[in-house]
Amino acid sequence: EAPEAPPVCPEQSAPAAMQSAAAIGLLRPCAARPILKSPSPGAARLPASRAALRLSAAAPRAGLVAAAGLGRIGLVPASPEQEKRSDCLVAAAASGKAAAGEEAGEESGAALAKTLQLGVFFGLWYLFNIYFNIYNKQVLKVFPFPINITTVQFAVGTTISLFMWATGILKRPKISGAQLLAILPLAIVHTMGNLFTNMSLGKVAVSFTHTIKAMEPFFSVLLSAMFLGELPTPWVVLSLLPIVGGVALASISEASFNWAGFLSAMASNVTFQSRNVLSKKLMLKKEASLDNINLFSIITVMSFFLLAPVTLLTEGVKVTPTFLQSSGLNLQQVYTRSLIAAFCFHAYQQVSYMILARVSPVTHSVGNCVKRVVVIVTSVLFFKTPVSPINSIGTAIALAGVFLYSQLKRLQPKPKAA
């Protein structure tokens with residue numbers, strides 16, 4: 001018996017073959033094929049290629065592809081190459097979405113890590129500053145030799161800087177003799193500024209010293225106008241009024257007020273702002289390795305060598321065990337507090353430069369204003385400093401003026417380069 005012939009599709013066979021096959025009874029009609037009907041008359045006139053693309057996109061995983069011919073669209077089994085290509089497209093789309101999701105997650109994680117790191121730096125800045133002021137004041141109360149104490153602080157800072165350079169924690173800067181000469185004036189005013197601050201802390205309350213130091217913007221504007229020709233806007237000038245008025249109001253009601261402490265704090269303002277003006281005036285040319293932290297470390301080392309001979313010629317060396325014991329002081333307590341204060345003194349200034357490298361000067365200025373508020377409040381609570389309502393109002397007005405100044409300074413147009 002002859003084998004049965006496979007079904008033959010009329011569209012796929014030649015007309016002659018169809019007639020001969022029908023004559024001998026071997027032709028069987030194919031199963032009816034589904035015909036894709038257009039939902040609208042306009043869709044029926046789509047080109048066959050576009051209809052095929054639409055259909056293949058609708059069911060790529062069913063192993064079917066669209067075929068167009070003789071004005072009709074049908075479904076026929078897909079070839080292995082087409083199935084493989086479809087699988088690759090689906091896999092590529094899935095992997096692309098996964099990669100995009102991973103990239104977005106990494107960016108979000110990196111931004112969160114930077115924010116947390118910045119928050120830690122601000123916390124350390126405030127913490128080191130609080131500990132410095134507390135321990136430094138405790139030492140100055142029983143050991144009233146501010147030049148000796150300032151020299152010890154620069155000595156500890158010099159030791160830390162040399163250690164960081166020697167171990168590679170901080171890249172050793174390449175600096176010339178001409179650059180050292182340019183840095184020397186900055187080191188001189190840096191030395192004087194810290195010395196005057198310690199002299200003020202030894203005479204008046206910590207909170208009052210920092211209230212007076214809130215007048216730094218006033219001297220910054222004054223010295224910049226005198227030596228750099230940078231004239232402030234009227235709004236910036238107006239922001240100085242609450243600063244000056246607040247400090248005056250706090251001063252007349254300060255219980256620990258004395259002229260030595262007041263003038264020392266004012267002298268500290270002048271010298272620190274002179275340092276900023278000098279750095280702009282000298283326009284120090286920096287090498288790649290001479291960043292702000294390295295510059296601060298060099299100034300610290302130079303300040304130690306500048307102040308050490310002054311100590312010998314004025315107060316003399318008073319930090320020896322013999323002198324401290326003869327004065328009836330607790331040797332271990334004085335040394336411990338002095339070293340903690342000196343470490344925090346160097347650490348808070350170095351962290352301040354690290355923050356400045358990551359944020360804008362305006363943000364840093366606002367952070368410095370908040371830091372002053374934190375130091376004033378903590379010192380009042382720790383030392384139980386008596387504060388009158390007028391004193392509190394004056395301090396609040398001065399600090400609000402500093403915040404306003406920092407915001408208005410951002411709007412001041414920058415001077416055009418010559």
Side-chain angles (χ1 to χ4, degrees), residues 147 150-198 216-217 219-231 267-314 342 345-361 364-365 368 409 414-418:
I147 302 179
T150 308
T151 304
V152 169
Q153 291 169 358
F154 284 136
V156 172
T158 298
T159 304
I160 294 173
S161 299
L162 294 177
F163 173 79
M164 294 179 71
W165 285 331
T167 56
I169 298 175
L170 191 63
K171 185 178 180 181
R172 187 179 303 174
K174 297 178 181 179
I175 189 166
S176 63
Q179 286 180 314
L180 286 175
L181 287 176
I183 296 173
L184 182 59
L186 303 179
I188 293 174
V189 293
H190 179 78
T191 305
M192 295 173 63
N194 285 286
L195 177 58
F196 284 133
T197 299
N198 281 335
E216 284 181 351
F219 291 103
S220 175
V221 170
L222 180 64
L223 294 175
S224 295
M226 290 174 60
F227 297 103
L228 300 178
E230 296 180 1
L231 298 179
S268 172
N269 286 335
V270 174
T271 51
F272 276 133
Q273 296 312 307
S274 298
R275 179 187 62 186
N276 297 338
V277 171
L278 278 173
S279 63
K280 294 180 182 179
K281 190 75 174 177
L282 296 173
M283 295 298 290
L284 182 63
K285 183 179 179 182
K286 297 181 182 180
E287 300 292 340
S289 60
L290 190 57
D291 54 12
N292 284 334
I293 297 178
N294 265 318
L295 180 60
F296 166 69
S297 300
I298 292 172
I299 289 175
T300 298
V301 175
M302 295 178 72
S303 296
F304 168 70
F305 286 105
L306 286 170
L307 193 59
V310 176
T311 305
L312 295 174
L313 294 174
T314 54
F345 167 78
H346 184 84
Y348 90 75
Q349 296 189 74
Q350 185 158 334
V351 172
S352 174
Y353 280 112
M354 293 169 68
I355 293 174
L356 187 58
R358 289 166 171 79
V359 301
S360 67
H364 187 273
S365 178
N368 191 51
K409 190 71 175 176
K414 296 181 180 180
K416 296 182 179 179

Do Met226 and Val277 pass the side-chain contact (heavy atoms from CB on, under 4.5 Å) test, and can you show the C-alpha distance, the side-chain angles, and the key distance before you say yes or no? CA-CA 10 Å; Met226 290 174 60; Val277 171; over 6 Å; no
Given side-chain contact (heavy atoms from CB on, under 4.5 Å), test Ile175 with Ile183 step by step and report yes or no. CA-CA 10 Å; Ile175 189 166; Ile183 296 173; 3.5 Å; yes
Would you name the heavy atoms of Ala182 and Leu186 that are closest together and state the gap between them? O-CG, 4.3 Å
How long is the straight-line distance from CZ of Phe296 back to CG of Leu170, given to the nearest 0.5 Å? 11.0 Å
What closest approach, in Å, do Gln153 and Phe345 show between heavy atoms, and which atom pair accounts for it? CB-CD2, 3.8 Å
When you measure from the side chain of Asn294 to the backbone N and O of Lys171, does any donor-acceptor pair fall under 3.5 Å? yes
Before giving the answer on side chain to side chain donor-acceptor pair (under 3.5 Å), spell out for Asn368 and His364 the whole-Å C-alpha distance, their side-chain angles and the decisive distance to 0.1 Å. CA-CA 6 Å; Asn368 191 51; His364 187 273; 6.0 Å; no
Full working for side chain to side chain donor-acceptor pair (under 3.5 Å) between Thr300 and Ser161: CA-CA 8 Å; Thr300 298; Ser161 299; 5.2 Å; no
Assess the residue pair Asn269 and Phe196 against the criterion (side-chain contact (heavy atoms from CB on, under 4.5 Å)); give the C-alpha distance rounded to whole Å, side-chain angles, the decisive distance to 0.1 Å, and a yes or no. CA-CA 9 Å; Asn269 286 335; Phe196 284 133; over 6 Å; no
Taking side chain as C-beta onward, heavy atoms only, is Val301 less than 4.5 Å from Ser297? no
Which pair of heavy atoms, one from Thr271 and one from Gly193, lies closest together, and at what distance? OG1-CA, 3.1 Å
Side chain of Arg358, backbone of Met354: donor and acceptor closer than 3.5 Å? yes
What orientation do Phe154 and His190 show, parallel under 30°, tilted 30 to 60°, or perpendicular over 60°? tilted
Shortest non-hydrogen contact from Val310 to Leu306? CG2-O, 3.5 Å
Is there a side-chain contact (heavy atoms from CB on, under 4.5 Å) between Thr151 and Phe304 once you walk through the steps? CA-CA 6 Å; Thr151 304; Phe304 168 70; 4.1 Å; yes
